[in-house]
Number of protein chains: 4
Amino acid sequence: MRSDEMDRPRTFTEEARRAQIMRCAIEALAELGFSGSSLAEIARRAGVSKGVVSYYFAGKDELLGQVLFDVYARAGAAIAERIGHANDPAVVIRGYLEANLSFLAENLADIRAVVEIAANARSPDGSLRFAVPGEDPVLAHLQSLLQAGKDTGRFGEVDSRSMAVLIRGAIDTASGRLVGDPAFDLEAYTRQLVDVVDLALRPAT
Amino acid sequence: MRSDEMDRPRTFTEEARRAQIMRCAIEALAELGFSGSSLAEIARRAGVSKGVVSYYFAGKDELLGQVLFDVYARAGAAIAERIGHANDPAVVIRGYLEANLSFLAENLADIRAVVEIAANARSPDGSLRFAVPGEDPVLAHLQSLLQAGKDTGRFGEVDSRSMAVLIRGAIDTASGRLVGDPAFDLEAYTRQLVDVVDLALRPAT
Amino acid sequence: MRSDEMDRPRTFTEEARRAQIMRCAIEALAELGFSGSSLAEIARRAGVSKGVVSYYFAGKDELLGQVLFDVYARAGAAIAERIGHANDPAVVIRGYLEANLSFLAENLADIRAVVEIAANARSPDGSLRFAVPGEDPVLAHLQSLLQAGKDTGRFGEVDSRSMAVLIRGAIDTASGRLVGDPAFDLEAYTRQLVDVVDLALRPAT
Amino acid sequence: MRSDEMDRPRTFTEEARRAQIMRCAIEALAELGFSGSSLAEIARRAGVSKGVVSYYFAGKDELLGQVLFDVYARAGAAIAERIGHANDPAVVIRGYLEANLSFLAENLADIRAVVEIAANARSPDGSLRFAVPGEDPVLAHLQSLLQAGKDTGRFGEVDSRSMAVLIRGAIDTASGRLVGDPAFDLEAYTRQLVDVVDLALRPAT
DNA sequence: AATGAATGAGTATTCATTCAT
DNA sequence: GATGAATGAATACTCATTCAT
């Protein structure tokens, strides 16, 4: 998208180039971290000149933002599909956990890239560029799943907010383990997390 | 510590300057992130010229490494003191959780700085500079606390490794909430986490 | 040669820029010496921004190494051409002396630059960066020319090693005279040196 | 010598300190070259603080100039003593060569330091700081020795200027060989140089 | 549609010098 | 006499961005 032609729909080849560049950006971010992922490095991996990146993306910010958006969208779709038509809140939560952790394992580079971007990309004023101003939508979504279980009496009297934070923390930490801890057993971890959450949400007898 | 005079004990004023610079580095890291925390920015916050930072620290690496070391040491001391003389593993774990979360809340900038350093500081070869080569000692410590409870029959048959990862994730995520989520209720979160862990570790009846 | 695209053959314009920058580096080295020849100074002389130098050369080392290599190659070619098809060792030596001194006079700045680089460029560990580890090839070459004359009986019983050192010293000192001593008469010096060497090498009667 | 008390005669301890610092400067220059010989390095070798060097010398320039002067003076004295009362010009020249080369070998670090200083110390405008504006006194002295031999008919019709340059080159190159060429045989070299010069100066028969 | 070329601000680090104590 | 402390300018190098071709 050249800056002098806005709002023009992107052609197929344009989209292909953008996708290719984004893929290379993800690889660079996953392998070299945020500061190692210069436009030069990304262009090198894509086998194109630096100018190409600037040609297809308004700037580094747009590229990173697009990566962030895409991975989020794919993760959201994967999770939605997994829990889509379940009715029992306990089954929903179980599906949520399993879907999250398996997406993590199967898209490790993407997740690592997203973490790098979200934690490091900054505006000139120093603030995190991709911090959503209000409520964290990921957290809010999980919280609503938990609240639904409480409302139907299927879950006990937990603090749905705190539980949402706790669960997200337990999920997010897994990507750090998956890379760099070869002994990490994702299956065992998933089972354990599912058990712990199941226990925690079970209504008092 | 000037680099041209090694092994000399540091004078009081030297230590004071070093501490001041480290404090400013922590503030910069917490507010502006790793890439925003240039030596120039740190010097600016300390109200001194850039050269002063290089005068008291052999390089940026030493400064960041010292920050990392100091905060870790203080956190470790705080936690050790809290759980020092407890015998019941359940009490130990509860103390561990509470000590971690309260240290987090009371030293938020320090924790944020440590996270920035640990996640971003790289060696010239691209590897994380402060990654411990083998086992993560923090994780190993927590795992040993859990294992002790299992060995004495005080805890049930949980996977101590997975539980350790889960708990660390739940703790580490809190710093992200504490900054940027004004509605985050640390006390409620602590209670919830203590309850969840207590439930998870309780032996089967 | 941009550092992000290796092994690619250099285009014509690339070579031109590199040559221009090397020329400016040589001038700076000849006029201001090693320590005065910063990349900024070289860029200033080339009428480009500092970044351009880094764009065409991987670093200062590559630039200086290339200058060294180029001047050596040109000097070697000039000398080889001059003495190429001579058979009589005495004629070879005479040609060697004349070729060296005339190359010196006609490429004074280049020689001065090479001397500055060879004597001052250091590796981070403090050792001379461009010192050849073993035998000095220039000296060895001259020594072999002298030895050839001895072996054929054309020269007397001189110590070929010592004579080589002596002759190189007499040649190298001329660049210092050529700059800074306006009264220095290169032609007279060449004649004198040729005579002295001729006398010294003449077999005892 | 503090700058606020000029022309004051130096005390004994002052001279001792100056001598010590100069000795350390010579060692640093010989081992690390000009650019490696920072005031910090010199002070470190002397076991004093950087300030001390600035206290006893008006600046780096004065220190280096003093080193230059001292070594020259000692070399001149050594040579003068060796050839002092000889009458035969041939004996004088022989003594000159032997005295120069043996002083070189016995004061290698000093000579190396002098070469580093003379070749590298620059004024802000880029010109060599310690270049004597007019005639090189060392060269002029040697030339006068040669001329004396010619005038008395003891030497043949050589160009005394060219011969002086040639001989100085042959002498100066030896320090480069002495360091870095472990196989260099100074005695053989001295003999060879004496022979060559003797031959060159011998009057035509 | 893509490239090569160039810029300029920014990075950590080094160093001679100054000065109060 | 001597030191520790501080400065500010200079160093090589990196990088996102721009632009003519």
Side-chain angles (χ1 to χ4, degrees), chain A residues 2-3 11 13-14 17 35-43 48-61 63, chain B residues 1-5 8 10-11 13-14 16-17 35-43 46-61 63 124, chain C residues 1-5 8 10-11 13-14 16-17 35-43 46-63 124, chain D residues 2-3 11 13-14 17 35-43 47-61 63:
Chain A
R2 279 103 71 205
S3 48
T11 68
T13 51
E14 253 175 350
R17 265 276 192 250
S35 69
S37 301
S38 65
L39 289 191
E41 171 64 21
I42 293 167
V48 298
S49 76
K50 269 185 306 179
V52 173
V53 179
S54 297
Y55 183 76
Y56 284 100
F57 294 90
K60 201 181 188 183
D61 283 345
L63 168 55
Chain B
M1 185 213 52
R2 280 98 74 240
S3 45
D4 55 343
E5 294 195 37
R8 198 172 39 78
R10 279 191 263 279
T11 67
T13 50
E14 243 175 357
R17 260 277 190 254
S35 69
S37 301
S38 64
L39 292 192
E41 171 64 22
I42 293 167
V48 297
S49 76
K50 270 186 309 176
V52 172
V53 179
S54 295
Y55 182 75
Y56 286 98
F57 293 90
K60 200 180 188 182
D61 282 347
L63 169 55
Chain C
M1 182 214 54
R2 279 98 73 241
S3 46
D4 55 343
E5 297 194 35
R8 199 171 37 79
R10 279 191 264 278
T11 68
T13 50
E14 243 174 356
R17 261 277 190 254
S35 69
S37 301
S38 65
L39 292 191
E41 172 63 21
I42 293 167
V48 297
S49 76
K50 272 186 308 176
V52 172
V53 179
S54 295
Y55 182 75
Y56 286 98
F57 293 90
K60 200 180 188 183
D61 283 346
E62 200 217 329
L63 169 55
Chain D
R2 279 103 73 209
S3 46
T11 68
T13 52
E14 252 176 351
R17 264 277 192 248
S35 67
S37 302
S38 64
L39 290 192
E41 172 64 22
I42 294 167
V48 297
S49 77
K50 270 184 306 178
V52 173
V53 179
S54 297
Y55 183 77
Y56 284 99
F57 294 90
K60 200 179 188 183
D61 283 345
L63 167 56

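Naming convention: chains lettered A, B, ... in sequence-line order (proteins, then strands); numbering from 1 in each chain.
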What closest approach, in Å, do B:Ala43 and B:Val53 show between heavy atoms, and which atom pair accounts for it? CB-CG2, 4.0 Å
Using Watson-Crick or G-U wobble pairs with both distances under 3.5 Å, give me DNA chain F in dot-bracket, 5' to 3', with [ ] for crossers and | for pairs to another strand. .||||||||||||||||||||
Once you round it to whole Å, what is the distance between C1' of E:dT17 and CG of D:Leu63? 14 Å
Taking the nucleotide of DNA chain F with the closest heavy atom to each, which residue, C:Ser37 or A:Leu39, is nearer the 5' end? C:Ser37
Just the rounded figure in Å: distance from C1' of E:dT3 to CD of C:Glu14. 12 Å
Where C:Tyr56 and C:Glu14 come nearest, the two heavy atoms and their spacing: CE2-CG, 3.6 Å
Counterpart residues, side-chain contact (heavy atoms from CB on, under 4.5 Å), relative to B:Ala16 (two or more places apart): none
Phosphate oxygens OP1/OP2 of E:dG4: is one of them under 4.0 Å from a side-chain N or O of C:Arg17? no
Of all the choices, F:dG1, E:dT13, E:dA5, which nucleotide is nearest to the side chain of D:Thr13 once you look at every atom? F:dG1
Taking only the side-chain heavy atoms of A:Lys60 (C-beta and beyond), determine which of F:dA16, E:dT13, F:dA6 contains the nearest atom. F:dA16
Round to the nearest Å and state the distance from D:Phe57 atom CZ to E:dT18 atom P. 16 Å
Can you measure C:Glu41 atom CD to F:dA12 atom P for me and round it to whole angstrom units? 11 Å
Euclidean distance, B:Ser54 OG relative to B:Lys60 NZ, rounded to 0.5 Å: 11.0 Å
N or O in side chain of D:Ser54 less than 4.0 angstrom from E:dT17 OP1/OP2: no
Polar atom pairs (N or O), protein with nucleotides 7-9 of chain E, under 3.5 Å:
from	atom 1	to	atom 2	distance (Å)
E:dT7	OP2	C:Ser49	N	2.8
E:dT7	OP2	C:Ser49	OG	2.9

Nearest-Å distance, CD1 (D:Ile42) to P (E:dT14)? 17 Å
CZ of B:Arg17 to CZ of B:Phe57: how many Å apart, nearest 0.5 Å? 11.0 Å
